[in-house]
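Notes for the one structure printed next.
Residue indices begin at 1 and follow the sequence shown.
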Amino acid sequence: MTNPGFDVENLVAFDVNPTMNTTDRNWVAAYYRHLHNSLHEIPGLESDTFAVVPVLENNEWVNWVTIEGYIPTRGERPDPHMQYCSPGFFKTLKVPLLRGRDFNDRDVNGAPKVAVVNQKFAKRYFGDGDPIGRHIGMGIDPGTPVDIQIVGIAADTKYESMRDEIPEEVYIPRDQMSFANSGTVYLRTRADPIRVFNAMRAAVQDADANVPVHDTRTVTHQVEISLLTERLLPSGPRGTAGRDV
């Protein structure tokens with residue numbers, strides 16, 4: 001199996017959308033904390049995390065950014081792929097953190113803004129320099145505040161599919177998003193992933209019975225689907241996805 005850059009074995013995913021009930025960001029953040037606590041009652045669970053953009057499912061979120069100390073060439077607009085995730089993302093997916101730190105429970109709305117970048121981003125925009133402690137900003141308009149400090153460098157991983165090139169990527173703490181969010185929960189388990197499905201649904205029910213669970217799956221199966229799609233699709237130019245700016 002082609003390596004996506006993270007460990008897919010014993011990794012389970014499901015989708016939740018608490019924003020169906022409310023767009024109150026504080027309520028949604030509290031929901032995810034409750035869900036995290038409920039999930040930790042599952043026997044054999046090693047860790048869990050949340051991601052706004054599901055991995056290897058042909059989803060894309062890109063954002064123009066301003067990078068401290070980097071002067072774009074004429075017509076260049078740095079537009080890395082974005083991932084918004086909770087603490088434990090790198091641990092749960094087993095993405096090596098090469099330098100710096102992971103997100104933690106203090107990286108919330110109102111706290112200093114932070115980001116982790118992948119190795120490809122660090123190499124492209126900082127060369128042999130050290131990106132830790134440098135800053136980026138969301139947007140490319142003149143005067144865009146560069147108020148997000150880079151605190152870590154993660155290893156490169158696939159993003160949209162097994163077929164696509166590894167992109168430059170920026171990770172932002174979910175709790176520092178400016179709006180309520182839905183997305184995908186990932187569980188790393190020591191037990192047979194299939195056997196945790198029922199316990200997983202019970203944990204979601206306990207967190208809030210009005211927020212259903214959708215699309216339970218193993219990430220191993222998701223990789224298989226991505227590889228099958230790669231074999232079936234012809235090579236050639238692809239369409240341009242939407243952009244968030």
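Asp15 and Thr184 form a side-chain donor-acceptor contact under 3.5 Å, judged by distance and modelled atom types alone. Side-chain polar atoms of Thr92 and Ser47 form a donor-acceptor pair below 3.5 angstrom. At a cut-off of 3.5 Å, with distance as the only test, a side-chain donor of His40 or Asp48 sits close to an acceptor on the other residue. With 3.5 Å as the limit, one finds no donor-acceptor pair spanning the side chains of Thr22 and Asp24.
Within 6.0 Å of atom CZ in Arg106, 12 or fewer heavy atoms from other residues, nucleotides or ligands are found, so the atom counts as exposed in its surroundings. Few gaps surround CZ on Arg101; more than 12 heavy atoms of other groups in view lie less than 6.0 Å from it. Around the NZ atom of Lys91, the shell of radius 6.0 Å holds no more than 12 heavy atoms that belong to other residues, nucleotides or ligands.
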Show the numbers, then the answer: is there a salt bridge (Lys or Arg N to Asp or Glu O under 4.0 Å) between Asp128 and Lys123? CA-CA 7 Å; Asp128 295 328; Lys123 184 66 175 177; 3.1 Å; yes
Show your working on side chain to side chain contact (heavy atoms under 4.5 Å, CB included) between Phe126 and Phe121 and close with a plain yes or no. CA-CA 8 Å; Phe126 296 98; Phe121 182 100; 3.9 Å; yes
Ring pair (Phe, Tyr, Trp, His ring centres under 6.0 Å) between Phe90 and Phe6: does it pass, once the steps are laid out? CA-CA 9 Å; Phe90 305 105; Phe6 55 89; over 10 Å; no
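Residue pairs satisfying the side-chain hydrogen bond (donor to acceptor under 3.5 Å, both in side chains) criterion with at least one member in residues 146-157, sequence neighbours excluded, are listed as follows: Lys113-Asp147, Asn118-Asp156.
Note that CZ of Arg188 is 10.5 Å distant from CG of Leu45, once rounded to the nearest 0.5 Å. Interatomic distance, Phe103 CZ to Ser86 OG, rounded to the nearest 0.5 Å: 10.0 Å. Rounding to the nearest 0.5 angstrom, the gap separating the CG atom in Leu56 from the CD atom in Glu224 is 12.0 Å. A distance of 8.5 Å separates CE in Met200 from CG in Leu39, rounded to the nearest 0.5 Å. Thr19 OG1 to Trp27 CH2: the interatomic distance, rounded to the nearest 0.5 Å, is 9.5 Å. Taken from CG in Asn63 to CD1 in Ile172, the straight-line distance is 9.0 Å, to the nearest 0.5 Å.
For Asn109, the side-chain hydrogen bond (donor to acceptor under 3.5 Å, both in side chains) partners at least two apart in sequence or on another chain are Arg25. Judged as a side-chain contact (heavy atoms from CB on, under 4.5 Å), and not counting sequence neighbours, the contacts of Ala111 are Val108, Gln176.
Residue Tyr70 is grouped with residue Ile148 when hydrophobic side chains (ILVMFWY) are merged at heavy-atom distances under 4.5 angstrom, including chains of intermediate members. Both Leu35 and Val52 belong to a single network of hydrophobic side chains, linked directly or stepwise wherever heavy atoms of I, L, V, M, F, W or Y lie under 4.5 Å apart. In terms of hydrophobic clustering, with Ile, Leu, Val, Met, Phe, Trp and Tyr side chains grouped at heavy-atom distances under 4.5 Å, Ile42 and Val213 are assigned to a common cluster. Residues Val116 and Val146 are members of separate hydrophobic clusters, defined by side-chain heavy-atom contacts under 4.5 angstrom among Ile, Leu, Val, Met, Phe, Trp and Tyr. Put simply, Ile166 and Trp61 are part of two different groups of oily side chains (I, L, V, M, F, W, Y) that touch within less than 4.5 Å, one to the next.
In this structure, Glu68 contributes its side chain and His135 its backbone to a donor-acceptor pair below 3.5 Å. Listed for the Thr218 side chain is a donor-acceptor partner under 3.5 Å among the backbone atoms of His221. A donor-acceptor pair is defined here as one N or O able to donate and one able to accept, closer than 3.5 Å; such a pair exists between the side chain of Arg217 and the backbone of Asp215. For Asn59 (side chain) and Glu57 (main-chain N/O), a donor-acceptor pair under 3.5 Å exists by modelled atom type. Side-chain atoms of Glu9 do not come within 3.5 Å of backbone N or O of Thr220 as any donor-acceptor pair. Formation of a donor-acceptor pair under 3.5 Å by the Asn37 side chain with backbone atoms of His34 is not found in this model. The main-chain N or O of Glu169 is never found under 3.5 Å from a side-chain atom of Lys120 such that the two would form a donor-acceptor pair. With hydrogens and angles ignored, the 3.5 Å screen pairs no side-chain donor or acceptor of Asp141 with any backbone N or O of Thr144.
Side-chain atoms of Val117 and Tyr125, non-hydrogen and from C-beta on, never get closer than 4.5 Å to each other. Side-chain contact between Ile136 and Thr66 is absent, with no heavy atoms from C-beta onward closer than 4.5 Å. Counting heavy atoms from C-beta on, the side chains of Val211 and Tyr31 come closer than 4.5 Å. With contacts defined as side-chain heavy-atom distances shorter than 4.5 Å, the pair Pro4/Met162 qualifies. Within the 4.5 Å cutoff, the side chain of Asp192 has heavy atoms near those of the Ile194 side chain. Annotation: side chain of Pro87 is not in contact with side chain of Pro173 (no heavy-atom distance under 4.5 Å). Within the 4.5 Å cutoff, the side chain of Leu11 has heavy atoms near those of the Leu93 side chain. When side chains are defined from C-beta on, Met82 counts as touching Met138, because their heavy atoms get closer than 4.5 Å.
When every heavy atom of Val28 is checked against every heavy atom of Ala180, the shortest pair comes out as CG2-CB, 3.7 Å. Taking both residues in full, the closest heavy atoms of Ala13 and Val219 are given as CB-CG2, 4.3 Å, listed atom of the first, atom of the second, then distance.
Judged by the 6.0 Å and 45° rule, Arg174 forms a cation-pi pair with Phe50.
The aromatic rings of Tyr171 and Phe89 sit tilted, their planes meeting at an angle between 30° and 60°.
Under a 4.0 Å N-O distance rule, the pair Glu76/Arg124 qualifies as a salt bridge.
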